[in-house]
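Worksheet for the structure shown next.
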Amino acid sequence: DLSVPKQFDFFYFVQQWPGSYCDSRRGCCYPKTGKPAEDFSIHGLWPNNADGSYPSNCDPSNPFDESKVSNLESDLQEHWPTLACPSGDGLKFWRHEWEKHGTCAESVFNERGYFEAALSLKRKANLLNALESGGIRPADGKFHKMGQMKEAITKAVGYEPYIECNVDSSGHHQLYQVYQCVDASASNFIECPIFPHGRSCGNEVEFPSFSSASIRDEL
Ligand code: 5GP
Ligand code: 5GP
Ligand code: 5GP
């Protein structure tokens, strides 16, 4: 509908590294479905403006409806697991992402389409493979140059990502989230119109393993 003003310019597709979420001071809780694989997982697909601003919670009349993703749930559990505490089944995380971000792009997809678009982008990006091609594999106590991490992803995907870091419990900077820009139809990666401003990484960055990550005691 041409009378509806465009609400955003592009998307950030954001993936998290579970090893870095879990070994931070806050720790994590594995989902009820079990410990996720050692792979990046989806955080969200976020409409954004070229000036850095972004819309959120755009349509309270279209809340998350589990029945619309019923036969996607095993894919979502695998590729979009929740790691927050207490352990969950993922529904709360998916609800949050759809309602906060997905409802701001209703001209592009419905709820089911939102989750399908993100799953498809994750397959296309294959970040773990991209890093591996640059010789960067999950390992504790090994540090990488920020430039080399970016270059490995840029080579494989075609566009420079934004890498966000957090710190592990001993204060080391580590790769936490990767932001990629996606066109307004949610199908193709593009050059980022603007990078997020956020947590800087420093030059020496760890890519911690997830297999050795410890889990916060819930009881
Ligand atoms: P944080 O403050 O943890 O970086 O971000 C909190 C939440 O705000 C994110 O999970 C996301 O929902 C939203 N957010 C933060 N930065 C951006 C941004 O640059 N663009 C969009 N669309 N959302 C953001
Ligand atoms: P955002 O930062 O996208 O606005 O919010 C993420 C929300 O989802 C937070 O309330 C956070 O507690 C919840 N959440 C549940 N599971 C996860 C997870 O695995 N990763 C992140 N980043 N947030 C999660
Ligand atoms: P929210 O308060 O919106 O749940 O989350 C705020 C911030 O804290 C987000 O960046 C979210 O990813 C992070 N967060 C929330 N719960 C947990 C948790 O259990 N473990 C870790 N490591 N981070 C969390």
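Position 1 is the first residue of the sequence; numbering continues from there. Both ligands and their constituent atoms are indexed starting at 1 by order of listing.
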query = Atom CG in Asn48, atom SG in Cys181: separation rounded to 0.5 Å?
reply = 7.5 Å
Please give the N or O to N or O pairs under 3.5 Å between ligand 2 and the protein, distances rounded to 0.1 Å.
unit_1, atom_1, unit_2, atom_2, d
ligand 2, 3 (O), His43, NE2, 2.7
ligand 2, 3 (O), Glu97, OE2, 2.6
ligand 2, 4 (O), His96, NE2, 2.7
ligand 2, 4 (O), Lys100, NZ, 2.9
ligand 2, 5 (O), His96, NE2, 2.9
ligand 2, 16 (N), Thr82, OG1, 2.6
ligand 2, 19 (O), Gln16, NE2, 2.9
ligand 2, 19 (O), Leu83, N, 2.8
ligand 2, 20 (N), Gln16, OE1, 2.8
ligand 2, 20 (N), Gln16, NE2, 3.4
ligand 2, 22 (N), Gln16, OE1, 3.4

inquiry  = If the condition is ring-ring contact (aromatic ring centres under 6.0 Å, His included), which residues does Tyr12 pass it with, not counting sequence neighbours?
reply    = Phe10, Tyr179
task = Give the ring-plane orientation class for Phe207 versus Trp17, where under 30° counts as parallel, over 60° as perpendicular and anything between as tilted.
result = tilted
message = ring pair (Phe, Tyr, Trp, His ring centres under 6.0 Å) for His173 and Phe143? Distances and angles first, verdict last.
response = CA-CA 9 Å; His173 287 261; Phe143 290 83; 9.6 Å; no
message = Looking at Ser187, is its backbone amide N or carbonyl O close enough to the side chain of Lys124 to form a donor-acceptor pair, meaning the two atoms are under 3.5 Å apart?
response = yes
request  = Under 4.0 Å from a heavy atom of Asn48: give me the atoms of ligand 1 that qualify, with their elements.
outcome  = 18 (C), 19 (O), 20 (N), 21 (C), 22 (N)
Check residues 125-136 and write down every donor-acceptor pair under 3.5 Å in which the side-chain atom is one partner and the other belongs to a residue at least two apart or another chain.
unit_1, atom_1, unit_2, atom_2, d
Glu132, OE2, Arg137, NE, 2.6
Ser133, OG, Asn129, O, 2.9

Tyr54, any N or O under 3.5 Å of ligand 1 N or O = yes
inquiry  = If the cut-off is 4.0 Å to any non-hydrogen atom of Ser24, which atoms of ligand 3 fall inside it?
reply    = 22 (N)
remark   = Phe109 meets the ring-ring contact (aromatic ring centres under 6.0 Å, His included) criterion, sequence neighbours left out, with Phe11, Tyr114
inquiry  = With rounding to the nearest 0.5 angstrom, report the CZ to OG distance, Arg112 to Ser70.
reply    = 7.0 Å
task = Can you sort out which atoms of ligand 1 are near Pro47, meaning under 4.0 Å from one of its heavy atoms?
result = 22 (N)
